[in-house]
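All figures in this text were calculated on a predicted structure; none of them were measured in a lab. Ligands are counted one by one from 1 in listed order, and the atoms in each one are counted from 1 as well.
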Amino acid sequence: MRTVNAIAATSATAPLVRTTVERRDPGPRDVLIEIRYAGICHSDIHTVRGEWGEVAYPLTVGHEIVGHVVEVGAEVTKHKIGDRVGVGCMVNSCRECENCRAGLEQYCTGGNVGTYASVDRDGTITQGGYSTHVVVDEDFVLRVPENIPIEAVAPLLCAGITTYSPLAHWNAGPGKKVAVIGMGGLGHMAVKIAAAMGAEVTVLSQTLSKKDDGLAFGAENYYATSDPATFEALANTFDLIINTVSAQTDINAYLRLLRLDGTLVSVGAPPEPLPVRAFVLFGARRSFAGSSIGGIAETQEMLDFCAEKGIAPEIELIDADAVNEAYERVVASDVRYRFVIDIDSLR
Ligand code: NAP
Ligand code: ZN
Ligand code: ZN
């Protein structure tokens with residue numbers, strides 16, 4: 001066991017504070033990672049504020065992790081000391097259910113082990129990446145291509161895979177019209193990835209304030225959802241809509257923007273329900289779907305895709321002491337486009 005520096009939430013309302021967490025000694029199949037950077041996902045905020053349900057405090061969150069391997073267990077074959085590696089939202093799963101065997105560990109029927117706030121195999125509660133080190137089973141550690149700037153890698157491990165997976169599953173590509181609702185951490189990656197896949201991308205943001213950025217990320221069109229004319233102009237337009245909004249929205253207004261047989265996939269996870277009108281669905285044989293992160297193999301595929309296409313998240317690098325301020329800015333939709341904690345500031 002080792003004690004390492006970390007940042008933790010101590011209640012749903014108190015600011016995060018500097019503290020320490022315990023990391024187990026690496027077992028035969030474990031990798032000890034020295035964390036360099038950790039991204040701030042809106043899910044971290046939903047979790048520590050108790051918006052998705054009760055959690056045990058103190059809790060260290062963070063599931064966008066990049067660093068280097070500093071120790072490996074005797075049976076580890078996939079990673080070696082010095083490798084540049086990443087960890088996303090899961091650190092284990094049952095490995096036996098139908099979904100795990102299909103490489104879809106995120107849909108493990110017994111529930112995967114989340115990187116934080118989950119019960120680990122030893123019965124302890126997992127603690128996430130806002131810390132200097134983490135110990136993870138080698139099967140849940142990703143190889144990170146060298147040509148992605150290391151400080152920008154972390155957000156790919158959640159924001160990148162969470163948008164890549166539905167875009168790939170619903171065949172975003174040439175000839176497909178894809179809309180992205182909300183251009184924050186997930187949304188800006190959805191724009192970049194969908195454009196790189198060859199789709200025609202439209203951003204649906206609350207205002208036009210980020211229009212130049214959206215077009216630079218590869219979107220062809222950019223509309224403000226605060227303008228009712230947007231919903232008239234774009235009715236029956238899209239093959240696929242990815243909803244990344246962290247708050248409750250009028251989902252029926254967006255469903256009407258789908259053309260015949262189109263699908264709206266919600267990856268945004270507001271605590272409140274998103275009530276759907278049946279008439280809106282059957283008016284054009286539309287589908288309303290959800291999608292959760294991505295499997296380990298697909299996460300590796302996404303990292304390799306981003307490296308090949310030269311895609312990286314847009315980040316704002318902060319020190320550990322700026323995390324509380326960053327949370328406020330994320331909640332206020334004032335993020336351009338992902339906060340990343342420089343973990344050197346925790347050492
Ligand atoms: P984020 O950076 O805060 O981005 C969310 C964006 O939604 C904002 O930038 C804003 O975009 C828009 N938005 C926020 N509040 C809004 C409101 N009241 N009305 C309309 N639009 C609003 O958050 P994120 O880290 O990308 O995460 C987005 C959501 O996905 C969160 O709920 C998170 O928990 C969830 N998530 C799900 C998965 C999964 O596996 N399904 C994985 C990761 C995250 P504009 O300013 O452009 O309008
Ligand atoms: Zn996340
Ligand atoms: Zn399973």
Side-chain angles (χ1 to χ4, degrees), residues 38-49 51-52 61-65 87-90 92-116 128-129 154-166 180-191 203-211 213-214 217 219 222-226 242-251 253-254 265-272 274 289-295 299 313-316 326-339:
I40 294 180
C41 178
H42 206 121
S43 301
D44 302 347
I45 304 174
H46 290 307
T47 302
V48 302
R49 296 189 173 177
E51 292 170 3
W52 288 343
V61 291
H63 58 205
E64 296 184 333
I65 298 168
V87 177
C89 304
M90 301 178 284
N92 217 336
S93 71
C94 86
R95 301 161 189 247
E96 285 167 2
C97 73
E98 190 184 2
N99 297 342
C100 282
R101 279 188 280 117
L104 298 167
E105 302 88 355
Q106 75 274 35
Y107 303 120
C108 177
T109 54
N112 62 63
V113 180
T115 303
Y116 58 74
L156 294 174
L157 278 308
C158 177
I161 184 59
T162 302
T163 50
Y164 180 92
S165 185
V180 176
I181 316 174
M183 202 170 74
L186 268 57
H188 94 289
M189 286 314 303
V191 172
V203 179
L204 303 172
S205 182
Q206 292 168 93
T207 68
L208 295 179
S209 63
K210 297 178 281 192
K211 181 175 178 180
D213 289 346
F217 299 158
Y222 201 107
Y223 288 86
T225 54
S226 51
I242 308 287
N243 172 31
T244 75
V245 175
S246 50
Q248 201 179 29
T249 47
D250 177 5
I251 206 69
Y254 293 101
V265 185
S266 249
V267 292
E272 307 81 14
L274 295 171
S291 184
S292 176
I293 50 173
T299 305
E314 305 293 319
I315 62 150
E316 193 171 326
Y327 272 28
E328 294 309 321
R329 286 185 51 198
V330 171
V331 170
S333 300
D334 177 23
V335 51
R336 307 251 168 132
Y337 283 86
R338 199 57 142 188
F339 289 105

Heavy-atom closest contact ([X] atom, [Y] atom, distance):
| X | Y | answer |
| --- | --- | --- |
| I65 | G129 | CD1-CA, 3.5 Å |
| L274 | S266 | CD1-OG, 3.6 Å |
| G182 | T244 | O-OG1, 2.9 Å |
| L208 | A224 | CD2-N, 3.6 Å |
| R95 | C100 | N-SG, 3.4 Å |
| G214 | Y222 | CA-CE1, 3.9 Å |

Closest protein heavy atom (residue, atom, distance) for [atom]:
| atom | value |
| --- | --- |
| atom 14 (C) of ligand 1 | S333 OG, 3.3 Å |
| atom 34 (O) of ligand 1 | S43 OG, 2.8 Å |
| atom 25 (O) of ligand 1 | R338 NH1, 2.6 Å |
| atom 4 (O) of ligand 1 | G184 CA, 3.5 Å |
| atom 40 (O) of ligand 1 | I293 N, 2.9 Å |
| atom 2 (O) of ligand 1 | G185 N, 2.8 Å |
| atom 39 (C) of ligand 1 | T162 CG2, 3.4 Å |
| atom 31 (C) of ligand 1 | H46 NE2, 3.5 Å |

Could you work out, for [atom], the closest of [options] by heavy-atom distance?
| atom | options | answer |
| --- | --- | --- |
| atom 37 (C) of ligand 1 | V330, D44, V267 | V267 |
| atom 45 (P) of ligand 1 | S226, S205, G39 | S205 |
| atom 17 (C) of ligand 1 | E51, Q206, K210, R329 | Q206 |

At a 4.0 Å threshold, what atoms of ligand 1 neighbour a non-hydrogen atom of [X]?
| X | answer |
| --- | --- |
| T244 | 5 (C), 28 (C), 29 (C) |
| C158 | 42 (C), 43 (C) |
| S291 | 39 (C), 40 (O), 41 (N) |
| H42 | 1 (P), 3 (O), 23 (O), 24 (P), 25 (O), 27 (O), 31 (C) |
| V335 | 2 (O) |
| L186 | 24 (P), 25 (O), 26 (O), 27 (O), 30 (O), 36 (N), 43 (C), 44 (C) |
| A247 | 17 (C), 18 (N) |

So what does the C158 SG - the Zn ion (ligand 2) - H63 NE2 angle come to, to 10°?
110°

Hey, does [X] come in under 3.5 Å of ligand 1, counting only N/O atoms on both sides?
| X | answer |
| --- | --- |
| W52 | no |
| Y337 | no |
| Y222 | no |
| Q248 | no |
| V245 | no |

Opening angle between SG in C94 and SG in C97, taken at the Zn ion (ligand 3), to 10 degrees:
110°

To 10°, measure the SG(C100)-the Zn ion (ligand 3)-SG(C108) angle for me.
100°

Classify the ring geometry of Y337 against H188: parallel below 30°, tilted from 30° to 60°, perpendicular beyond 60°.
parallel

Please report whether the ring centroid of F339 lies less than 6.0 Å from that of Y327.
no

N/O/S atom of H42 inside 2.8 Å of the Zn ion (ligand 2), strictly under
no

Quick check: does C41 have an N/O/S atom under 2.8 Å of the Zn ion (ligand 2)?
yes

Using only atom types and a distance under 3.5 Å, with no angle test, would you say the side chain of [X] pairs donor to acceptor with the backbone of [Y]?
| X | Y | result |
| --- | --- | --- |
| N99 | E105 | no |
| S93 | C108 | no |
| T225 | S205 | yes |
| R329 | D334 | yes |

Roughly how far, to the nearest 0.5 Å, is CE of M183 from CG of D213?
5.5 Å

With rounding to the nearest 0.5 Å, note down the distance linking CG in D250 to OH in Y254.
8.0 Å

Quickly, which of E64, E314, E316 forms a side-chain hydrogen bond (donor to acceptor under 3.5 Å, both in side chains) with R338? Name it, please.
E64

Between S226 and Q206, is the side-chain contact (heavy atoms from CB on, under 4.5 Å) condition met? List the steps.
CA-CA 5 Å; S226 51; Q206 292 168 93; 5.6 Å; no

